[in-house]
Number of protein chains: 2
Amino acid sequence: MGELREPLRDLIECGLPQALEVMGERWSFMILRASFNGLKHFEEFLTELGIARNILSNRLAKLVEHGILKREPCADDRRKIEYRLTEKGFDLLPAMLALRQWGQKYGTEQVIEDPVLVDELDRLPIGPVSILAHDGRILGPQDLWLTRPADLGKRADGTIASPAAGLGMGDVVNLAAAKAAAAR
Amino acid sequence: MGELREPLRDLIECGLPQALEVMGERWSFMILRASFNGLKHFEEFLTELGIARNILSNRLAKLVEHGILKREPCADDRRKIEYRLTEKGFDLLPAMLALRQWGQKYGTEQVIEDPVLVDELDRLPIGPVSILAHDGRILGPQDLWLTRPADLGKRADGTIASPAAGLGMGDVVNLAAAKAAAAR
DNA sequence: ATATCTAGGTTGCGAGTTGCAACTGAAAAC
DNA sequence: GTTTTCAGTTGCAACTCGCAACCTAGATAT
């Protein structure tokens, strides 16, 4: 994955510890998953997840505090409180799916996904969560490299790739694919 | 995200709990990240991460036990032990990157990524980790739907999408993009 | 109006984890 | 042959988890 090593400073400063501050706690991802499945109320989470009351209370409060869920009293019954995903919470979907796909790939038990997550357009199962290049190519670990910002675009052969020229390529590619898919 | 809700059984049986069994623990992702950065030895992890000795020992053992790292005594110095990523460990890269990108997007502190993760081909920064359709389109939360396996490919308008026809589309798309990128 | 039920908590307690510091034991360096 | 380095283990204090019981405001029934 390249010869460069991120310095100590970065091991602390990168986005990972920030993400783990909330999502690293024991039940956070399971609550998130339940939210993605439409669960909204305290007692729903409680019975579906089999988590302890106090822990659930604590986790929900923390998720709200970090802006992943929003807490709003129900209009029709003011005892009830709705916990729903914010945009920030929704943005965790790739991370959750990646983790889930990994667990599924290597899990011991044969998992029969009964409801399958599909693409709304053609109702076919989604592919694996992927690392994309700026132009939409799928990258594997062997395609990745660490570079100092000053060397961005400097290829091994000395030629220079222009970041500006690449902007929008992904959209073009995906539009093309969307059209092709819609035609079938 | 569709009208269907995954049943309780699935909340337990899906890949997520399996993944969280190892990666849900407090330092696992940080150790993984250090591994991706080329750290291999006990004392390296210890000083770079600022983790306690006993916890590091425990976590490394668990990661080895779950086949994410492999533990091999060093050839040249038999006190030293190398912990290196297995393929299973490497496969966690999308999950780690997704989490990291999320943390970076919403983190309070302005993160200046000094070494940037780039595409080896053009040395330009990678794009966001994405959920792809089977044909390579990038999907957002609004494009996702839950369907029972029997209804795969059944579109809302009644027409049927063929999974077979879609195979390889992603490759075609990505080849085209790669060519376009290489031409610049 | 009073009693009961329900939703969403909080509190107290025992068990398990985490983190620090000190100790161990084997291999390398001097 | 003494010291240093590497990779642990052990003991102990602080914190977190999970369970069960209790609490409070709002809804429902009589």
Side-chain angles (χ1 to χ4, degrees), chain A residues 8 11-12 16-17 19-35 37-66 68-85, chain B residues 8 11-12 16-17 19-35 37-66 68-85:
Chain A
L8 169 60
L11 284 173
I12 296 154
L16 198 58
L20 292 174
E21 193 183 325
V22 217
M23 300 314 296
E25 301 208 66
R26 217 166 282 275
W27 285 96
S28 298
F29 263 108
M30 291 301 285
I31 293 172
L32 193 80
R33 175 168 137 71
S35 283
N37 274 280
L39 271 66
K40 277 188 276 295
H41 300 292
F42 190 90
E43 309 282 331
E44 285 182 304
F45 290 109
L46 200 70
T47 57
E48 297 282 294
L49 296 177
I51 181 178
R53 282 186 103 75
N54 52 350
I55 305 297
L56 176 60
S57 176
N58 183 298
R59 267 330 91 86
L60 285 173
K62 242 171 214 174
L63 287 167
V64 168
E65 184 190 323
H66 281 84
I68 292 163
L69 297 177
K70 51 176 181 279
R71 180 187 195 280
E72 2 190 84
C74 230
D76 56 324
D77 184 342
R78 263 168 311 186
R79 288 171 307 181
K80 289 190 182 177
I81 284 171
E82 286 198 352
Y83 293 95
R84 17 178 84 254
L85 286 166
Chain B
L8 170 61
L11 285 172
I12 297 155
L16 198 58
L20 291 174
E21 194 184 323
V22 218
M23 300 314 296
E25 301 210 63
R26 215 167 284 276
W27 285 97
S28 298
F29 263 109
M30 291 300 286
I31 293 172
L32 193 78
R33 174 167 137 72
S35 283
N37 273 280
L39 271 66
K40 278 187 278 293
H41 300 292
F42 190 90
E43 308 283 332
E44 284 182 305
F45 289 109
L46 200 71
T47 57
E48 298 279 296
L49 296 177
I51 181 178
R53 283 187 102 75
N54 52 349
I55 306 297
L56 176 60
S57 176
N58 183 299
R59 270 325 93 87
L60 285 173
K62 243 171 213 173
L63 288 168
V64 168
E65 184 190 322
H66 281 83
I68 291 164
L69 297 177
K70 52 176 181 281
R71 180 188 194 279
E72 7 189 79
C74 228
D76 56 325
D77 184 341
R78 259 168 313 189
R79 288 171 307 179
K80 289 190 182 176
I81 283 171
E82 287 199 353
Y83 292 96
R84 19 178 84 253
L85 286 165

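Numbered from 1 within each chain, the chains take letters A, B, ... in sequence-line order. What's counted below: heavy atoms across the whole structure, side chains too, no hydrogens, waters or symmetry copies.
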Notebook entry, point to check: Toward the 5' end of DNA chain D, which comes first, A/N58 or B/K80, by nearest nucleotide?
Noted result: B/K80

Item checked: Where A/I68 and A/L32 come nearest, the two heavy atoms and their spacing -> CG2-CD1, 3.7 Å

Check: Excluding sequence neighbours, so at least two apart, what forms salt bridge (charged side-chain N to carboxylate O under 4.0 Å, His left out) with B/E65?
Finding: none

Margin query: So does B/K40 get a backbone contact from the side chain of B/E44, meaning a donor-acceptor N/O pair under 3.5 Å?
Written below: yes

Next item on the list: Ignoring backbone atoms, test whether A/H41 places a side-chain nitrogen or oxygen under 4.0 Å from the OP1 or OP2 oxygen of C/dG8.
Entry: yes

Please tabulate, one pair per line, all N/O donor-acceptor pairs under 3.5 Å involving side-chain atoms of residues 20-29 of chain A, not counting sequence neighbours.
residue, atom, partner, partner atom, Å
A/E25, OE2, A/K62, NZ, 3.1
A/S28, OG, A/V22, O, 2.9

Checklist line | Distance in angstrom units between A/L46 CG and C/dA7 C1', rounded | finding: 11 Å

Is there any protein nitrogen or oxygen under 3.5 Å from a nitrogen or oxygen in nucleotides 24-30 of chain D, and what are the pairs?
residue, atom, partner, partner atom, Å
D/dG26, N2, A/R79, NH1, 2.9
D/dA27, OP1, A/R78, N, 3.2

Check: Rounded to whole angstroms, how far apart are CG on B/L56 and P on C/dT17?
Finding: 18 Å

Checklist line | Between P of D/dA7 and CG of B/L60, the distance in whole Å | finding: 10 Å

Check: Which whole-number value in Å describes the distance from A/E82 CD to C/dG9 P?
Finding: 13 Å

Item checked: Those residues that, when tested against B/R71, pass salt bridge (charged side-chain N to carboxylate O under 4.0 Å, His left out) (two or more places apart) -> none

Margin query: Rounded to whole Å, how long is the line connecting atom CD of B/E48 with atom C1' of D/dC6?
Written below: 16 Å

Checklist line | B/S57 side-chain proximity, nearest of D/dA7, D/dT9, C/dA7 | finding: D/dT9

Next item on the list: Please name all residues satisfying side chain to side chain contact (heavy atoms under 4.5 Å, CB included) with B/R78, sequence neighbours left out, ordered by chain then number.
Entry: none

Notebook entry, point to check: A/R79: what forms a salt bridge (charged side-chain N to carboxylate O under 4.0 Å, His left out) with it, not counting sequence neighbours?
Noted result: A/D77

Next item on the list: Take the protein atom NZ of B/K40 and the nucleotide atom P of D/dA7, then report the distance between them rounded to whole Å.
Entry: 12 Å

Note to self: When you measure from the side-chain N and O atoms of B/Y83 to the phosphate of D/dC6, is any distance below 4.0 Å, counting only OP1 and OP2?
What the structure shows: no

Protein N or O to nucleotides 19-22 of chain C N or O, pairs below 3.5 Å:
residue, atom, partner, partner atom, Å
C/dG19, OP1, B/W27, NE1, 3.3
C/dG19, OP2, B/W27, NE1, 3.2
C/dG19, N7, B/N54, ND2, 3.3
C/dC20, N4, B/N54, ND2, 2.6

Margin query: Just to verify, what does B/E43 make a side-chain hydrogen bond (donor to acceptor under 3.5 Å, both in side chains) with, not counting sequence neighbours?
Written below: B/R53

Notebook entry, point to check: By side-chain hydrogen bond (donor to acceptor under 3.5 Å, both in side chains), which residues pair with B/E82, not counting sequence neighbours?
Noted result: B/R84

Note to self: Measure CZ/B/F42 against C1'/D/dT9 and give the value in whole Å, please.
What the structure shows: 10 Å

Item checked: Atom-to-atom span, CG of B/L39 to C1' of D/dC6 - whole angstrom -> 15 Å

